[in-house]
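Just so you know, these numbers come straight off a predicted model, no measurement behind them. For the single chain, residues carry numbers from 1 onward in sequence order.
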Amino acid sequence: DTEKYATDDALKVGRLHCLQDGWSDALVSFMLSGGFAPSSKIANIESPSLVLWGRQDGILEIEFAEKFINTLPNAELRWIEECGHVPHLEQSEMTAKEIAQFLSSDKC
């Protein structure tokens, strides 16, 4: 729901780091280093992991959820219905419920 979650204030907060002194230099350094590449490290995570994914995520496609599950050795995928990319904002009660269930399960 872009009207509810992509407000002017939310966009300002989301871009706040870009307005800080030194951001341009840090960004160039980050890109020259190869950037953020967690995919090579995900398979090394041995802890039980909960992957929450908004069913209507318009930013990352469903295939990415499947890649996480196929790569994480001890992961569980839970879909958050009627939810886009930010479950903790869009469906906070359901997200909290899923996290609590996972943490109280025998997997943790």
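- With hydrogens and angles disregarded, a donor-acceptor distance shorter than 3.5 Å links the side chain of Ser33 to the backbone of Phe30.
- Counting non-hydrogen atoms of neighbouring residues, nucleotides and ligands closer than 6.0 angstrom, the CZ atom of Phe102 exceeds 12 such neighbours.
- Linking ILVMFWY residues whenever their side-chain heavy atoms come closer than 4.5 Å, directly or via other members, leaves Leu32 and Leu27 in distinct clusters.
- Side-chain contact check for Trp53 versus Leu60: some heavy-atom pair is nearer than 4.5 Å.
- Crowding of Gln20 atom CD: a count of heavy atoms from other residues, nucleotides or ligands under 6.0 Å exceeding 12.
- Between the side chain of Gln56 and the backbone N or O of Cys83 there is at least one donor-acceptor pair closer than 3.5 Å.
- Tested against Pro48, the residues Asp106, Leu103, Leu72, Asn74 include a single side-chain contact (heavy atoms from CB on, under 4.5 Å) partner, Asn74.
- With salt bridges taken as basic N to acidic carboxylate O contacts below 4.0 Å, one links Glu76 and Lys107.
- Of all the heavy atoms in Ile80 and Met94, the pair that sits closest is CD1-CG, 3.9 Å.
- Side-chain contact check for Glu82 versus Gln91: some heavy-atom pair is nearer than 4.5 Å.
- Checking side-chain atoms of Ser92 against main-chain N and O of Leu89 turns up no donor-acceptor pair under 3.5 Å.
- With a 6.0 Å radius and a threshold of 12 heavy atoms from other residues, nucleotides or ligands, Asn44 has its CG atom above the threshold.
- Note that CD of Glu81 and CD of Glu90 are 12.5 Å apart. Values are rounded to the nearest 0.5 Å.
- No single ILVMFWY cluster, assembled from side-chain heavy atoms under 4.5 Å apart, contains both Leu77 and Leu52.
- Of all heavy-atom pairs spanning Pro73 and Ile42, the tightest one is CD-O, 4.1 Å.
- Side-chain atoms of Ser49 and Ile45, non-hydrogen and from C-beta on, do get closer than 4.5 Å to each other.
- Around atom CD of Glu46, no more than 12 heavy atoms belonging to other residues, nucleotides or ligands sit under 6.0 Å away.
- Looking at every heavy atom in both residues, Trp79 comes nearest to Ala65 through CH2-CB, 3.9 Å.
- In this structure, CG on Leu50 lies 6.5 Å from CD1 on Ile99, to the nearest 0.5 angstrom.
- Counting heavy atoms from C-beta outward, Arg78 and Val51 have side chains that stay 4.5 Å or more apart.
- Under the 4.5 Å side-chain heavy-atom criterion for grouping Ile, Leu, Val, Met, Phe, Trp and Tyr, Ile59 is connected to Ile62 within one hydrophobic cluster.
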